[in-house]
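Some notes on the structure that comes next.
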Amino acid sequence: MWSVEFESSQVEKEVTLLIKKKKLTADDQAIIHAWVQQISLHGPESIRGDFKWADHRLRGEWEGYRSSAFSNRGRIIYKIVEK
């Protein structure tokens with residue numbers, strides 16, 4: 001089983017603020033929850049190549065991170081740390 005965690009308390013605060021300001025809709029939150037469940041149960045490899053998530057490696061200053069789309073306007077940026 002995998003664990004999905006915020007990178008820092010600051011990131012967690014920013015997400016909480018986005019929810020309070022209604023910038024993350026209930027639908028967005030449900031999709032993010034589904035992404036977390038997918039990763040937690042099946043690992044990050046399970047979403048690679050899946051058109052639904054449009055998951056891909058990032059380059060430049062974000063080298064080492066990946067991005068998954070959760071809507072036309074939103075992305076989950078994540079990093080795999082020790083399997």
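We number each residue from 1, following the sequence as shown.
Residue pairs satisfying the salt bridge (charged side-chain N to carboxylate O under 4.0 Å, His left out) criterion with at least one member in residues 6-19, sequence neighbours excluded, are absent.
Residues Trp2 and Ile39 share a closest heavy-atom pair of CB-O, 3.3 Å. Taking every heavy atom of both residues into account, Asp28 and Lys23 meet most closely at OD2-O, 4.0 Å. Residues Ser40 and Met1 approach most closely at O-CG, 3.4 Å, considering heavy atoms.
In the hydrophobic clustering of this structure, Ile32 does not group with Leu17; members are Ile, Leu, Val, Met, Phe, Trp, Tyr whose side-chain heavy atoms approach within less than 4.5 Å, directly or through other members. Leu18 is connected to Val11 through a chain of hydrophobic side-chain contacts under 4.5 Å among Ile, Leu, Val, Met, Phe, Trp and Tyr, so both are in one cluster.
By the salt bridge (Lys or Arg N to Asp or Glu O under 4.0 Å) test, Arg48 is found to be paired with Asp55, residues two or more places apart in sequence or in another chain being considered. Partners of Tyr65 according to the ring pair (Phe, Tyr, Trp, His ring centres under 6.0 Å) rule, which considers only residues two or more places apart in sequence or in another chain, are Trp62. Under the ring pair (Phe, Tyr, Trp, His ring centres under 6.0 Å) criterion, Tyr78 pairs with Trp35, sequence neighbours left out. Partners of Ser67 under the side chain to side chain contact (heavy atoms under 4.5 Å, CB included) rule, at least two apart in sequence or in another chain, are His56, Leu58, Arg75, Ile77. For Ile31, the side chain to side chain contact (heavy atoms under 4.5 Å, CB included) partners are Trp53, Phe70, not counting sequence neighbours.
In this structure, Ile19 CD1 and Leu24 CG are separated by 5.5 Å, a value rounded to the nearest 0.5 Å.
Side chains of Gln10 and Ser8: no donor on one and acceptor on the other come within 3.5 Å.
The backbone N or O of Ile47 sits nowhere less than 3.5 Å from a side-chain atom of Gln38 that would complete a donor-acceptor pair.
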